[in-house]
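Here is the structure we will look at, set down as structure tokens.
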Amino acid sequence: MAQLQPVRGTHDILPDDYARFRHVVDVARQAALLFGYREMATPIFEFTEVFARSMGETSDVVSKEMYSFTDKGGEGLTLRPEYTAGICRAFISNGLQQHVPFKAFAWGPMFRFERPQKGRQRQFHQIDVEVIGAAEPQADVEVISVAAEILRRLGILDKCVLELNTLGDPESRVGYREALVRYFSGHADALSEDSRKRLEKNPLRILDSKDEGDRRLVANAPLIQDYLTPAASDFFKALQDGLGAAGVPFKVSPRLVRGLDYYTHTAFEFTTDMLGAQGTVLAGGRYDGLIEQLGGKPTPGIGWAGGIERLVLLSDPQPVPPRSVAIIPIGAAAEAEAAKLAAELRRADVAVELAYGGNAGKRFKRADKLGCFAAVVIGDDELAGGVVKLKNLTSGEETTLPRGDLLAKLKA
RNA sequence: GCGGGGGUAGCUCAGUUGGUUAGAGCACCAGGUUGUGGCCCUGGGGGUCGGGGGUUCAAGUCCCCUCUCUCGCCCCA
């Protein structure tokens, strides 16, 4: 630590930025509430197995990106790299199977040891929506609709494209995986080095490789659609019909895959071309096997997470200056009266700026800088007359009115 | 983890082939105005030139290491 800096990949969120951050969370919460989702939170750290067992030991996140440590009691713990695993754990821990479908909205910090870039930090924040205990494609439609509504309210839906795919049920996936391995093995010498590794670990990932050579091979690779069981195929059809009915535009992307092991059936991503390599703004899918993997009874689930920092980068800055009124006392006697008046106004929900000191000139300057819409001046003359002077800081117009009329005037 | 490009005041930046006390604009503070803001004028405070080491009579400037931001890969929200 050469200087007093935040840890690499972490950032302070100062008031101006926090207002935008907060706006994203508020809009998301409000929209989720409209669909019947209820806000909750889980701990920021969990036993390491919660993530290892759900996301897959071989996934990149688990194998090399987690902030894991042993606590003083000898427990192996991990700072959460995502929200889904923790919410599923909470579902099991609290016996929530009697409340299905369980619909949750959550947000908070996540931690991943990655190389930082714009829109990618080691501590980052996500909004998250989950439905646990619903096997119907209507749940998928709803969950995606919530996401679209949030993006619409943030004014960034038209900057994004919804890409949709199905990974099929486990039965479909086994057959498809075999077909892919067979196909790519036949062209192994033409594959990139990265993709040769993926062939063993996660052949599906080859499908979204950015390597030119890989892409040429992928173009002729088998499609998941041809390996879907009738049930999986019907499910995907129902999802698309449902989205159409809900008025959510989408694009089927046969090469869209997921990096985490727990996904089945639906996979989707809202992506943008405005954030460079960090084009995924909000993504998720169905995870019917996850609860069981964590030790619960077989329970289907679906959900998504959205990166708050990325959403903030896409949304237009909209400074919402607090419209407050400045009280400006002149003279010692007025100080006490100003404090009293400030308390009264604040109790009545009027935002008040009361400087700690300085003469009238200083205080007016400060009121102006803070964007106050009006100033209330109290001096010896006003005290004697039981009045206050109200100055409109936009027009400069001044009026004198009885102290008792001030609240009503300000509220008008 | 791999490859490329940057770090000079709170912010945006200038700084010549190495050369003496490192500058500007904005912001901040003070005064002009101890009962009136915005505009203007005058003055002021602020810099380990990201950090460390090296070359040199002399380093913001050249070399090495390191930290960090950034673009791409990987991965993902």
Side-chain angles (χ1 to χ4, degrees), chain A residues 1-11 14 16 24 55 59-65 81-84 107-129 147 160 192-195 197-198 201-202 205 208-211 257-260 268-272 275-284 303-314 326 328-332 334 355 357-383 389-398:
Chain A
M1 183 169 39
Q3 279 178 320
L4 210 47
Q5 301 171 322
V7 173
R8 183 177 198 195
T10 68
H11 290 287
L14 300 178
D16 283 346
V24 168
M55 302 173 82
S59 67
D60 279 52
V61 172
V62 171
S63 62
K64 53 190 191 197
E65 293 178 1
E82 60 130 32
Y83 225 139
T84 304
W107 73 278
M110 308 293 154
F111 304 86
R112 253 121 93 156
F113 190 86
E114 296 184 279
R115 178 125 181 203
Q117 271 178 46
K118 194 210 293 285
R120 193 173 79 181
Q121 299 163 205
R122 290 182 173 182
Q123 176 180 334
F124 60 106
H125 301 78
Q126 291 185 331
I127 51 175
D128 188 280
V129 157
C160 298
S192 67
E193 195 186 326
D194 281 334
S195 286
K197 282 183 207 152
R198 286 189 272 238
K201 262 176 65 183
N202 191 347
R205 288 228 72 93
D208 65 354
S209 170
K210 287 172 186 167
D211 182 86
V257 297
R258 310 266 66 196
L260 307 180
F268 64 91
E269 279 184 18
F270 285 88
T271 59
T272 178
L275 292 180
Q278 279 65 246
T280 303
V281 169
L282 186 156
W304 55 255
I308 296 177
E309 285 83 358
R310 292 182 185 179
L311 292 166
V312 166
L313 285 170
L314 284 178
I328 300 180
I330 297 164
N359 59 31
K362 289 269 176 298
R363 292 182 189 237
F364 266 98
K365 243 176 211 161
R366 181 171 170 76
D368 188 54
K369 197 169 64 183
L370 292 172
C372 296
F373 68 92
V376 175
V377 182
I378 310 171
D380 292 338
D381 298 346
E382 287 79 12
L383 279 179
K389 198 176 278 181
L390 180 64
K391 178 167 186 172
N392 180 320
L393 288 178
T394 307
S395 65
E397 180 194 356
E398 274 188 355

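Labels below follow one simple rule: chain letters A, B, ... track the order of the sequence lines, proteins then strands, and each chain is numbered from 1.
With sequence neighbours excluded, the residues forming a salt bridge (Lys or Arg N to Asp or Glu O under 4.0 Å) with A:Glu269 are A:Arg258, listed by chain and number. Considering only residues two or more places apart in sequence or on other chains, A:Lys64 meets the salt bridge (Lys or Arg N to Asp or Glu O under 4.0 Å) condition with A:Asp60. A:Arg122 is linked by a salt bridge (Lys or Arg N to Asp or Glu O under 4.0 Å) to nothing, counting only residues two or more places apart in sequence or in another chain. Under the rule for a salt bridge (Lys or Arg N to Asp or Glu O under 4.0 Å), A:Arg310 has no partner lying at least two apart in sequence or in another chain. In terms of the side-chain hydrogen bond (donor to acceptor under 3.5 Å, both in side chains) criterion, residue partners of A:Thr271 (sequence neighbours excluded) are, by chain and number, A:Glu163. In this structure A:Phe113 satisfies the ring pair (Phe, Tyr, Trp, His ring centres under 6.0 Å) test together with A:Tyr67, sequence neighbours excluded. Take A:Glu309 and apply the side-chain hydrogen bond (donor to acceptor under 3.5 Å, both in side chains) test, not counting sequence neighbours, and it matches A:His125.
Counting non-hydrogen atoms under 4.0 angstrom, A:Gly9 reaches the backbone sugars and phosphates but no base. If you check every strand for non-hydrogen atoms under 4.0 Å, A:Asp128 touches nothing.
B:C2 and B:C13 have their C1' atoms separated by 32 Å, given to the nearest Å.
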## Note on the structure
For nucleotides 72-77 of chain B, 5' to 3', base contacts (B), sugar-phosphate-only contacts (S) and non-contacts (-) with protein non-hydrogen atoms under 4.0 Å give BBBBBB
Could you go through nucleotides 25-32 of chain B and list every protein N or O atom that sits under 3.5 Å from one of its N or O atoms, giving the distance for each pair?
from	atom 1	to	atom 2	distance (Å)
B:G31	OP2	A:Lys362	NZ	3.0

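Of the residues listed (A:Tyr83, A:Trp304, A:Trp107), the one engaging A:Val129 in a side-chain contact (heavy atoms from CB on, under 4.5 Å) is A:Trp304, and it is the only one.
Side-chain N/O atoms of A:Asp368 and base N/O atoms of B:G38 include no donor-acceptor pair closer than 3.5 Å.
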